[in-house]
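Reviewing the structure listed below.
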Protein chains: 2
Amino acid sequence: MSGAAPGVDLSRFESSLGFLLRLSQQKIFARFFATLGPLDLTPGAFTILLALRDNPGLRQGVLANALMIKRANMAKIVRALVDRGLVSRHVPEDDRRAIELNLTPEGAAFVAAREGAFFAHDDESSPELTDNERETLLGLLRKLAGTQGETP
Amino acid sequence: MSGAAPGVDLSRFESSLGFLLRLSQQKIFARFFATLGPLDLTPGAFTILLALRDNPGLRQGVLANALMIKRANMAKIVRALVDRGLVSRHVPEDDRRAIELNLTPEGAAFVAAREGAFFAHDDESSPELTDNERETLLGLLRKLAGTQGETP
DNA sequence: CGTGGATTGTTTCCATGTAGACAAAATAGC
DNA sequence: GCTATTTTGTCTACATGGAAACAATCCACG
C-alpha cells in the first residue's frame, strides 16, 4: 500500500475512492511540480489561461464554476494573472457586476510557449498504467467528474 | 464539461489526467463535507485514526510516508489529535528521535462510532458510475497510486 | 414602479498544507 | 573510536484555498 510503506496495513483504504483519488492526485501533482517547476504557475492557474485561450471573453464566475474553483479563490488567481499582464478584464455593458476575461498578447504567447510541455508531461504522467488502462481511467474520471458527453 | 458549465469549451482538458483527477477529487470531497460535516475531523485526520487502529504503535514518520503526508503537516495533525485525547505518543527505547502513535481508548471509541458512516458514504460517493465501473476505477487508481498488490 | 431576493466579484479572516531551517539522535564509513 | 552524513520530528514563514460578509447590480414579482 502506497509503494513506500512496507509493513503498514492500509488495506482498509483500498476500496476507498476518496482516499485513492487523493493519493493519485497528490502523486500526479508532485510529478508535475518536479518536472514543470519552471512553468512559473500552478497547474490551476495555467488551466485558467488555457480555458481563456479556448473561451475568450468568458465571465469570471462562469469560468470559476466550470473549473470548480470557488469565486473567492478565482478572484485572487485572476488578480494575480492580471497583475502579471497575462489576462485582461472587461466589464460588459449588459451586466455591470460581471467581469469578462481575455488573454493579453503576452498571455497568449505565454500559453503558446508552454502548452506543449504541459500536455506532454500530462501524457507521460502515469507510467504505472498501460495506454489502454490510462484511456479507461480517463473515461471513468470524465464520467465521475461530469465532463463526459458535453460539447461546446 | 464539468456538468454545470454549459457553453464553456473545456475539451482540451478531457484527456488531461491531472485535471480530471483534481476535478473528481474535489467533487468527492465536497460530497464528503456536505454529508459528513458532523464527523468533526477532516477526511485526512480520520484516515490517520483508522490507520492507527489497524497499525498500533506505528512511527509517525512511517505513517506520514504511507499516507503521503509531509512530516511537517503530520506533526501538526498528530498534535491536534493528541490534544483532543484521541491519540497517544510514545518514544521508543531503540530510537529516541522517533515517536510511536496509538489510539487512546477515546480515540478507539471515536473511530468505532464513525467508521461505519465514513465508509458507507464513500461507497455511495460515485452515483455517476455503475458498481462495475467503480470497481474498475478503484483498481486503476490502486495501480496508479502504487497501492496494488502490497499486503501487510 | 418599487421592493425583496438573487447574483457577481472582492475582501478579510481562517484553515490547511508545505518549504526550509533546526536540534537531537542514529547510522555509515574510515 | 571518530567524524560526516542521514534521519526524525518540530517550528516558523509562506502559499493556497475556502467561508463569510459585503457592496453593487440585476431579476422576479406584485
Side-chain angles (χ1 to χ4, degrees), chain A residues 4-5 8 18 22-23 25-27 29-34 37 39-48 52 57-84 87-101, chain B residues 4-5 8 18 22-23 25-34 37 39-48 57-84 87-101:
Chain A
V8 182
R22 178 184 155 267
L23 227 57
Q25 196 241 356
Q26 201 140 2
K27 193 164 183 177
F29 273 42
R31 286 186 179 147
F32 177 91
F33 284 112
L39 191 60
D40 281 333
L41 279 181
T42 63
F46 194 69
T47 299
I48 289 170
L52 288 181
L58 196 54
R59 291 189 178 185
Q60 190 165 307
V62 175
L63 180 59
N65 287 336
L67 299 181
M68 287 179 74
I69 298 178
K70 294 291 163 66
R71 287 165 24 227
N73 194 29
M74 178 59 89
K76 291 180 195 174
I77 302 179
V78 167
R79 171 67 174 276
L81 292 175
V82 168
D83 287 350
R84 279 179 72 163
V87 169
S88 65
R89 310 168 190 257
H90 173 249
V91 177
E93 290 299 334
D94 64 316
D95 190 340
R96 311 298 305 173
R97 301 168 303 181
I99 296 188
E100 289 173 352
L101 305 172
Chain B
V8 182
R22 179 185 153 268
L23 228 56
Q25 196 241 357
Q26 202 141 0
K27 193 163 183 177
I28 296 291
F29 272 44
R31 286 184 179 150
F32 178 91
F33 284 112
L39 192 60
D40 282 331
L41 276 182
T42 62
F46 194 69
T47 299
I48 288 170
L58 196 55
R59 291 190 179 187
Q60 189 165 307
V62 174
L63 181 59
N65 286 336
L67 300 180
M68 286 180 77
I69 298 177
K70 296 291 162 67
R71 286 164 25 226
N73 193 29
M74 178 59 90
K76 288 185 188 174
I77 301 178
V78 167
R79 171 65 174 277
L81 293 174
V82 168
D83 287 350
R84 281 180 70 164
V87 168
S88 64
R89 311 166 188 259
H90 173 249
V91 178
E93 291 298 334
D94 64 315
D95 191 339
R96 310 298 303 174
R97 302 168 303 178
I99 297 189
E100 289 173 349
L101 305 171

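So that the names make sense, note that chain A is the first sequence line, chain B the second, and so on, each numbered from 1.
- Mapping A:I69 and A:D95 onto DNA chain D via the closest heavy atom, the residue that lands nearer the 5' end is A:I69.
- Atom CZ of B:R79 has 12 or fewer heavy atoms from other residues, nucleotides or ligands within 6.0 Å.
- Distance CG (A:L23) to P (C:dG17): 14 Å, rounded to an integer number of Å.
- Contact annotation for B:A72: base contact, defined as any heavy-atom pair under 4.0 Å involving a base atom.
- For B:T42, the listed nucleotide lying nearest its side chain is C:dT16; candidates were C:dT16, C:dG9, C:dA26.
- Across all strands, A:R96 comes closer than 4.0 Å only to sugar-phosphate atoms, never to a base (heavy-atom distances).
- Taking for each of A:P92 and A:I77 the nucleotide of DNA chain D with the nearest heavy atom, the 5'-most of the two is the partner of A:I77.
- Contact annotation: A:K76 side-chain N/O to D:dG17 OP1/OP2 distance is not under 4.0 Å.
- B:N73 comes within contact range of at least one nucleobase, with a heavy-atom separation under 4.0 Å.
- Looking at B:R97, its side chain has no donor and acceptor atom pair within 3.5 Å of the base of D:dT8.
- A:A45 and A:I77 make their closest contact through CB-CG2, 4.1 Å (heavy atoms, listed as atom of the first residue, atom of the second, distance).
- Remark on DNA chain C: of its neighbouring residues A:I99 and A:R22, the 5'-side contact belongs to A:I99, judged by nearest-heavy-atom nucleotide.
- Nucleotide D:dT25 holds its P atom 13 Å from the CD atom of A:E93, rounded to whole Å.
- OP1 or OP2 of C:dT10 has at least one side-chain nitrogen or oxygen of A:Q60 nearer than 4.0 Å.
- Put simply, A:R89 has a side-chain N or O that comes within less than 4.0 Å of OP1 or OP2 on C:dT10.
- Between A:E100 and A:P92 the shortest heavy-atom distance is OE2-CB, 3.4 Å.
- Among the nucleotides C:dT18, D:dT10, C:dG9, the one closest to the side chain of A:Q26 is C:dT18.
- Between B:L67 and B:T47, the shortest heavy-atom distance links the atoms CD2-CG2, 4.1 Å.
- One atom, CE of A:M68, and another, C1' of D:dG18, lie 13 Å apart when rounded to the nearest Å.
- Remark: C1' of D:dT10 and CG of B:D83 are 14 Å apart, rounded to the nearest angstrom.
- Neither OP1 nor OP2 of D:dT7 sits under 4.0 Å from any side-chain N or O of B:R71.
- Residue-level contact check: A:E100 touches neither bases nor backbone, having no heavy atom under 4.0 Å from any strand.
- Atom CZ in B:R79 sits about 17 Å away from atom C1' in C:dG17, given to the nearest Å.
- Between A:F29 atom CZ and C:dT16 atom P the separation is 20 Å, expressed in whole Å.
- B:R59 has its CZ atom 8 Å from the P atom of D:dT8, to the nearest Å.
- Atom P of nucleotide D:dG18 and atom CG of A:N65 are separated by 12 Å, given to the nearest angstrom.
- Note that CE of B:M68 and CG of A:L23 are 5.5 Å apart. Values are rounded to the nearest 0.5 Å.
- To the nearest 0.5 Å, the span separating CD on B:Q26 from NZ on A:K70 amounts to 7.0 Å.
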